[in-house]
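Report on the following structure.
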Amino acid sequence: MIRIHFTAADFALVSFARRPAPLQELNAALATMVLAHDDDPLLGRWRQRLLRSLPDAARPLADLVPAGRAAGDGSAQHGGDAAARPSPPCWAGGSNAGDPRAGEVLRRAQFAAFEAVVRPVWSRVEDLHRAEFTRYALTVAEQGLGAAVGGLVPGARLRDGTVWECEAPGAHRDLELKGRGLVLQPTFHWTAGPLVAEPPSGAPVLTYPAGPGLPLEPAEDAPCALVAVLGRTRCSMLLLLAEEHTTRSLARRLELSDATVSAHAAALRGAGLITTVRAGRTVLHRRTPLGSLLIRRTL
């Protein structure tokens with residue numbers, strides 16, 4: 001169980017992270033990859049793809065996970081024989097001792113892993129972060145801050161209006177905010193319970209899973225046969241519109257102007273391949289069953 005104790009001052013200082021955290025997403029993705037199995041129906045293929053994509057420069061990160069096991073996977077829950085555990089690599093010892101060379105090894109490994117694992121889906125992470133911020137802001141506006149904080153994750157609740165509680169198997173944490181406030185940081189590669197961190201200075205951070213519950217995959221390349229008919233831009237739009245997108249998010253993903261995206265959307269809509277609906281000032285696009293059938297037949 002995780003419990004976070006709020007004062008009135010803390011509620012006034014609750015904030016939502018302005019952008020996704022690259023290192024956090026990398027850590028979450030690697031932890032999920034290590035804990036998953038190749039025969040997992042949801043994560044197996046994604047795990048294999050990530051393992052194949054990791055370059056040699058990222059290998060030092062594997063040194064931190066003895067025998068390929070992740071901390072918290074139950075491998076050492078009963079203590080075990082310390083003599084049987086592998087010794088940490090020499091560079092990791094140097095990092096603990098403040099050796100700048102060891103720190104550089106770790107930074108290079110993190111950068112290489114980020115480029116291979118997270119960079120291909122980073123635009124998707126940014127879109128999900130904006131969507132989660134919108135959901136949170138609307139909840140605050142319509143139901144109040146207590147409802148927004150209490151409903152961050154399934155099973156969470158705000159007890160007596162001052163204590164945020166969430167079931168977290170294997171985790172026991174009582175955190176007194178004491179006027180420091182709280183930063184809410186969604187993550188999109190993690191599906192387990194929320195995590196709490198206390199930096200040396202500033203507000204504690206509550207990281208909570210907010211992704212779709214499935215691995216994030218990079219956008220597919222447009223099928224060659226369809227490109228010859230529709231053109232690459234419209235094919236790419238059709239692929240992206242397996243999920244609902246606004247005109248602005250399509251423009252950002254495709255690196256086009258809003259006006260150009262609107263023109264392409266009109267052509268696809270006229271062919272019956274996408275639908276467009278207006279929600280207030282926002283225009284939402286999504287692929288039709290005909291558009292999905294066309295994609296499947298050409299993949």
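Remember, it's a predicted structure, so these values are computed and weren't measured experimentally.
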Quick check: do S236 and L254 have side-chain heavy atoms less than 4.5 Å from each other?
yes
Identify the heavy atoms of R19 and Q185 that sit nearest to each other, and give their distance.
O-NE2, 3.4 Å
What one should report as the nearest heavy-atom pair of P120 and E115 is CD-O, 3.5 Å
Determine whether L23 and L50 fall in the same hydrophobic cluster, where Ile, Leu, Val, Met, Phe, Trp and Tyr are linked whenever their side-chain heavy atoms lie under 4.5 Å apart.
yes
Taking G272's backbone N and O only, do any of them form a donor-acceptor pair with T288's side chain (distance below 3.5 Å, no angle check)?
yes
One should read off an interatomic distance between W122 CH2 and L26 CG, to the nearest 0.5 angstrom, of 10.0 Å
CZ of R287 to CG of L268, rounded to nearest 0.5 Å, is 11.0 Å
Drop me the distance from R248's CZ to S257's OG, to the nearest 0.5 angstrom.
10.5 Å
Over 12 non-hydrogen atoms of neighbours within 6.0 angstrom of CZ in R157
yes
For the residue pair T162 and T7, establish whether any side-chain heavy-atom pair is separated by less than 4.5 Å.
no
Please determine whether the number of non-hydrogen atoms from other residues, nucleotides or ligands lying under 6.0 Å from atom CZ of R18 exceeds 12.
no
H245 side chain reached by R253 side chain, heavy atoms, under 4.5 Å
yes
Side chain R119, main chain F114, donor-acceptor under 3.5 Å
no
Please determine whether the number of non-hydrogen atoms from other residues, nucleotides or ligands lying under 6.0 Å from atom CZ of R135 exceeds 12.
yes
Is any side-chain heavy atom of R47 closer than 4.5 Å to one of H37?
no
Would you say S262's side chain and D258's backbone share a donor-acceptor pair under 3.5 angstrom?
yes
Indicate yes or no: does D10 engage R180 in a salt bridge with an N to O separation below 4.0 Å.
no
Residues joined to L206 in its hydrophobic cluster, side chain to side chain under 4.5 Å directly or through other members, sorted by chain and number, are I2, I4, F6, F11, V14, F16, F133, Y136, V140, L145, V149, L152, V153, L158, W164, L175, L177, L182, L184, V196, Y208
Connected via hydrophobic side-chain network under 4.5 Å: F111 and V118
no
When rounded to the nearest 0.5 angstrom, what distance separates NE2 in H5 from CD in E165?
8.0 Å
Flag if over 12 foreign heavy atoms under 6.0 Å of CZ, R173
yes
Quick one: pull up CH2 in W46 and CG in D40 and give me the separation to the nearest 0.5 Å.
10.0 Å
Does D127 pair with R124 as a salt bridge, N-O distance under 4.0 Å?
no
Test side chain to side chain contact (heavy atoms under 4.5 Å, CB included) applied to F188 and E25, Q24, E126, the passing residue
E25
Quick one: do L240 and L284 end up in the same hydrophobic cluster if we chain Ile, Leu, Val, Met, Phe, Trp and Tyr together by side-chain heavy atoms under 4.5 Å apart?
no
Distance in Å, I274 CD1 paired with R269 CZ, rounded so as to fall on 0.5 Å steps
6.0 Å
Do R286 and L241 come close enough that some side-chain heavy atom pair is under 4.5 Å?
no
